[in-house]
Amino acid sequence: MKKSYGFSGLLCAVALSLPAHAADTKPLLQEGKHTLFQRILTYPGCQLAAKAGEAGKEQPAFSRFYVYQREKQGQDEWLQIGPDSFGHVSGWMKASCTVDWKVQLTLAFTNPAGRHPMLFFKEKGDVESLLNNAKPAAALEPMIASLNQKKPVPQVLAREPDYMVDQLKNFYLLPVLGSDDVFTDTGFQVRVLNVASVSENGSANAPAKATDEKNMMKGFSASVVFVIDSTISMGPYIDRTKEAIDKIYKQIEKEQLQDKVKFGLVAYRSSVKAVPGLEYDAKMYVDPNTVKDGKDFLAKVHDLKQATVSSSKVDEDAYAGVMTALDKVDWTQFGARYVVLITDAGALDGTDSLSSTHLSAEQVRQEAAYRGVALYTLHLKTPDGKKNHASAAAQYQELTLNPFLHKPLYYPIDSGDVNSFGTIVDSLSNAITAQIKTAWSGEETAGSALGASPEYAGKKTDPLLSDAEKLSKAMRLAYLGEKQGTQVPPVFKSWISDRDLVNQNLPATEVRVLLTKSELSDLSDVMKKIVNAANEGMISPDDMFASLRSLAATMGNDPNQAKGKNATRLGEMGLLGEYIESLPYLSEVLSLDEETWKSWDGLEQERFIRRLNTKLNYYQRYNEDADRWVALAPDSDSRDNVYPVPLENLP
């Protein structure tokens with residue numbers, strides 16, 4: 001199913017049968033570009049007319065159209081537009097009710113828990129003055145207080161909603177029209193972004209009353225899925241995990257929370273192709289959506305035992321276990337979502353031939369974020385795995401880096417002590433269950449450890465429990481946002497900061513690049529060629545850039561690009577399309593030059609190649625992911641549907 005966006009409803013993506021001459025008709029090119037077409041976004045009230053100068057039919061706000069012709073009618077400029085780039089022309093529209101959209105960048109709000117609300121300012125200078133203020137909190141807090149009391153603040157158009165806006169369930173556009181970098185006195189590089197946003201239902205942004213919020217939380221539930229390494233040496237930890245879940249289920253049943261907290265379990269080993277006796281890469285033992293109670297859980301995991309044969313490598317296929325939990329559980333049934341990985345070894349990296357997922361830690365983490373799942377790792381540092389501890393720790397810290405807490409949910413257990421492990425599993429399970437009870441009953445978290453002074457909390461609070469409680473708040477905000485149908489603020493064109501205006505280390509937005517099927521395919525093809533050339537370059541450093549210069553000459557995307565003998569930087573060769581080169585963000589690939597490549601040792605070159613390979617694996621997943629392709633205009637050709645690619649996954 002392909003999705004389409006909209007603030008006043010969903011738009012349908014309809015593949016059209018184009019007339020024979022349509023294929024010969026192309027949109028106008030952007031000034032100075034050879035492959036990028038002119039695109040516009042519609043403002044509310046834009047009308048599509050059969051002829052320039054006539055009245056027409058109103059179009060959905062923020063539809064993207066391509067510009068095929070421009071014509072003057074008196075004082076007004078009119079645009080002949082179409083919903084796609086394949087020659088289908090819809091009619092004419094006044095240029096004054098549209099905005100140019102040169103680069104298809106959009107933003108997604110991060111979870112608002114733990115940071116100041118984003119404000120949409122009328123002027124760029126208002127954002128910059130706050131960022132450069134020696135005491136930004138003193139300047140910002142009176143504005144937020146006035147907005148909370150529904151009093152106007154002259155320089156502010158709107159504020160971010162209290163609850164999380166879920167872009168994944170109801171795709172919205174917060175397009176970036178321009179950006180500038182600001183280097184603040186605190187040492188951070190912050191982007192001031194010119195954005196456009198529209199929502200017809202402004203009332204949806206008002207905070208819910210306490211009684212409404214309490215009622216909405218009645219449906220709040222949690223799922224905790226343990227993903228446990230079941231290879232040789234893991235027997236005691238498997239048994240202790242079963243014991244912990246048995247105890248917590250008895251407590252759940254005593255408090256009549258059976259419908260509010262569910263546990264699941266996935267076991268994983270390693271490649272059965274390499275060692276058939278391992279029986280499985282990953283196996284779902286308990287789906288939290290189908291488990292009835294504690295007895296049912298224990299019955300389902302009765303046969304779970306450690307393997308009887310050794311794997312071919314020290315590292316196991318941990319990402320296969322996590323992805324099994326992410327892919328096979330219907331997480332939409334739960335408001336709070338947790339996956340807890342339990343292991344005493346590292347994970348097979350996506351570039352390893354034995355990996356069944358071919359994903360990196362970062363990519364698995366992104367898949368979890370897409371589903372709203374928090375990832376934990378309990379790393380058993382057993383004496384036998386001492387040589388593997390450092391590399392495994394680095395992997396799992398990357399895997400569990402939480403975007404809300406801005407820290408990894410990684411908890412090492414020294415010496416792999418079974419008793420210490422059991423205490424942590426008990427504590428985590430109890431903490432999550434207690435928070436669900438609090439949320440479900442509508443109680444405030446009075447008496448919480450987080451209510452203590454920072455000095456006392458720093459001495460007394462268990463980091464794992466503190467992290468769990470903070471995560472619980474974030475998940476409640478996301479759940480309430482979904483229940484309330486929270487929308488983006490009803491604003492027009494404005495300026496925002498991509499980071500918290502006070503705590504500038506906290507991101508307030510995440511960047512998405514909207515790529516079409518053909519752009520993603522072209523990107524994948526070129527990346528494969530760059531990887532092949534880089535592999536050759538590891539043998540002979542001179543060969544890499546010579547090969548790429550030859551490739552650029554045969555592609556001929558832009559005859560004006562420097563593709564001859566003098567091109568020493570990948571960005572000068574025109575290999576990657578203008579849709580990548582035009583992004584206002586630094587590209588690792590485009591900025592690589594011949595001198596830098598030759599200065600790297602073999603290990604650094606290999607790391608570069610591995611990073612590109614993991615991104616290639618992800619492009620394949622994007623291409624196959626039918627649910628997240630989006631139509632940006634009614635009646636557009638499906639070939640111009642776009643995929644919201646996280647900026648960090650571009651080359």
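Position 1 is the first residue of the sequence, and the numbers go up from there. This one's a predicted model, so the numbers in the text were calculated from it and none came from an experiment.
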Inset, instruction - List the atom of Thr516, the atom of Trp629, and the distance in Å for their closest heavy-atom pair. - result: C-CZ3, 3.9 Å

Inset, instruction - Could you go through the salt bridge (Lys or Arg N to Asp or Glu O under 4.0 Å) check for Arg628 and Glu367 one step at a time? - result: CA-CA 12 Å; Arg628 278 186 268 181; Glu367 287 298 306; 3.7 Å; yes

Legend entry - Inter-residue atom distance Arg64.CZ - Ile81.CD1, 0.5 Å rounding: 11.5 Å

Inset, instruction - Please confirm whether the backbone N or O of Ser360 pairs with a side-chain atom of Gln363, one donor and one acceptor, at under 3.5 Å? - result: yes

Legend entry - Closest non-hydrogen atom pair, Asp498 against Val190: OD1-CG1, 3.5 Å

Legend entry - Glu31/Lys33 ion pair, N-O < 4.0 Å: no

Legend entry - Short side-chain to backbone donor-acceptor contact, Ser524 and Leu520, under 3.5 Å: no

Inset, instruction - Could you grab the distance from atom CG of Leu590 to atom CG of Leu576, nearest 0.5 Å is fine? - result: 5.0 Å

Inset, instruction - Please check if any side-chain donor atom of Gln59 sits under 3.5 Å from a side-chain acceptor atom of Thr42, or the reverse. - result: no

Legend entry - Exercise: do Ser85 and Asp640 side chains pair donor with acceptor under 3.5 Å: yes

Inset, instruction - With the side chain counted from C-beta on, respond yes when Trp92 and Glu54 share a heavy-atom pair under 4.5 Å apart, and no when they do not. - result: no

Inset, instruction - Flag the pair Ser636 / Leu632 as yes when at least one side-chain heavy-atom distance between them is below 4.5 Å, and no otherwise. - result: no

Legend entry - Heavy-atom donor-acceptor pair, Asn623 side chain to Tyr619 backbone, under 3.5 Å: no

Legend entry - Test item: side-chain donor near acceptor, Gln73 and Glu71, under 3.5 Å: yes

Legend entry - Heavy-atom side-chain contact between Val99 and Leu177 under 4.5 Å: yes

Legend entry - Distance (rounded to the nearest 0.5 Å) between Asp525 CG and Leu575 CG: 12.5 Å

Legend entry - From SG (Cys97) to CG (Leu48), nearest 0.5 Å: 10.0 Å

Inset, instruction - Take His116 and Ile144 through the test side chain to side chain contact (heavy atoms under 4.5 Å, CB included) and record every step on the way to the result. - result: CA-CA 9 Å; His116 293 85; Ile144 294 174; 4.2 Å; yes

Inset, instruction - Measure from the side-chain N and O atoms of Arg621 to the backbone N and O of Asn617, and report whether any donor-acceptor pair falls under 3.5 Å. - result: no

Legend entry - Rounded distance (nearest 0.5 Å) linking atom OG of Ser638 with atom CZ of Phe86: 8.5 Å

Inset, instruction - Examine Phe121 together with Trp495 and report whether their ring centres are nearer than 6.0 Å. - result: no

Inset, instruction - Could you tell me whether the side chains of Asp593 and Thr596 share a donor-acceptor contact shorter than 3.5 Å? - result: yes

Legend entry - Minimum side-chain heavy-atom gap Val89-Gln80 below 4.5 Å: yes

Legend entry - Under 3.5 Å: donor-acceptor pair, side chain of Thr110, backbone of Ala508: yes

Inset, instruction - For side chain to side chain contact (heavy atoms under 4.5 Å, CB included), just list the numbers for Val192 and Glu128, CA-CA rounded to whole Å, side-chain angles, deciding distance to a tenth of an Å, and then say yes or no. - result: CA-CA 7 Å; Val192 179; Glu128 292 175 332; 4.2 Å; yes

Inset, instruction - Using only heavy-atom distances, determine whether the side chains of Glu624 and Gln620 contain a donor-acceptor pair under 3.5 Å. - result: yes

Inset, instruction - Indicate the ring-plane relationship of Tyr618 and Tyr622, choosing parallel, tilted or perpendicular according to the 30° and 60° boundaries. - result: parallel

Inset, instruction - Report yes or no: does Arg371 contribute a side-chain atom to a donor-acceptor pair with the main-chain N or O of Leu326 at less than 3.5 Å? - result: yes

Legend entry - Nearest heavy atoms of Met118 and Ser497, plus distance in Å: CE-O, 4.4 Å

Inset, instruction - Could you walk me through whether Asn649 and Gln366 pass the side chain to side chain contact (heavy atoms under 4.5 Å, CB included) test, one step at a time? - result: CA-CA 10 Å; Asn649 284 345; Gln366 289 177 15; 2.6 Å; yes

Inset, instruction - Please report the closest heavy-atom contact between Gln155 and Asp126, naming both atoms and the distance. - result: CB-OD2, 3.3 Å

Legend entry - Minimal non-hydrogen separation, Ser494 against Leu157, with atom names: CB-CD1, 3.7 Å

Legend entry - Heavy-atom side-chain contact between Phe65 and Leu41 under 4.5 Å: no

Inset, instruction - Would you check if Val176 and Thr106 make a side-chain contact, meaning some heavy-atom pair closer than 4.5 Å? - result: no

Inset, instruction - Could you check whether the rings of Tyr66 and Phe37 sit parallel, tilted or perpendicular, using 30° and 60° as the cut-offs? - result: perpendicular

Legend entry - Asn503 side chain near Arg115 side chain, heavy-atom distance below 4.5 Å: no

Inset, instruction - Mind running salt bridge (Lys or Arg N to Asp or Glu O under 4.0 Å) on Lys517 and Glu519 for me, showing each step along the way? - result: CA-CA 6 Å; Lys517 284 266 188 182; Glu519 288 171 341; over 6 Å; no

Legend entry - Between Arg70 and Gln38: side-chain donor-acceptor atoms closer than 3.5 Å: yes

Inset, instruction - For Arg337 and Trp331, indicate whether the former's side chain and the latter's backbone hold a donor-acceptor pair under 3.5 Å. - result: yes

Inset, instruction - Please round to the nearest 0.5 Å and tell me the distance separating atom CG of Leu147 and atom CE of Met143. - result: 9.0 Å

Inset, instruction - Check whether any side-chain N or O of Asn194 sits under 3.5 Å from a backbone N or O of Gly178 as a donor-acceptor pair, and report yes or no. - result: no

Inset, instruction - Give a yes or no on this: more than 12 heavy atoms of other residues, nucleotides or ligands lie within 6.0 Å of atom CD of Glu123. - result: no

Inset, instruction - Would you check if there is a donor-acceptor pair between the side chains of Gln30 and Asp100 at a distance under 3.5 Å? - result: no

Inset, instruction - Identify the two heavy atoms, one from Leu501 and one from Gln504, that lie closest to each other, and give their separation to 0.1 Å. - result: O-NE2, 3.4 Å

Inset, instruction - State plainly whether the residues Arg639 and Asp84 are in salt-bridge range, i.e. N to O under 4.0 Å. - result: no

Legend entry - Aromatic Tyr370 / basic Arg365 pairing, under 6.0 angstrom, 45° off normal: no

Inset, instruction - Using a 4.5 Å cut-off on heavy atoms from C-beta on, say whether the side chain of Lys57 contacts that of Gln47. - result: no

Inset, instruction - May I ask you to decide if Asn505's main-chain N or O and Arg499's side chain share a donor-acceptor pair within less than 3.5 Å? - result: yes

Inset, instruction - Determine, stepwise, if the pair Tyr68 / Leu28 fulfils side chain to side chain contact (heavy atoms under 4.5 Å, CB included). - result: CA-CA 5 Å; Tyr68 283 82; Leu28 301 175; 5.8 Å; no

Legend entry - Lys102, NZ atom: more than 12 neighbouring heavy atoms under 6.0 Å: no

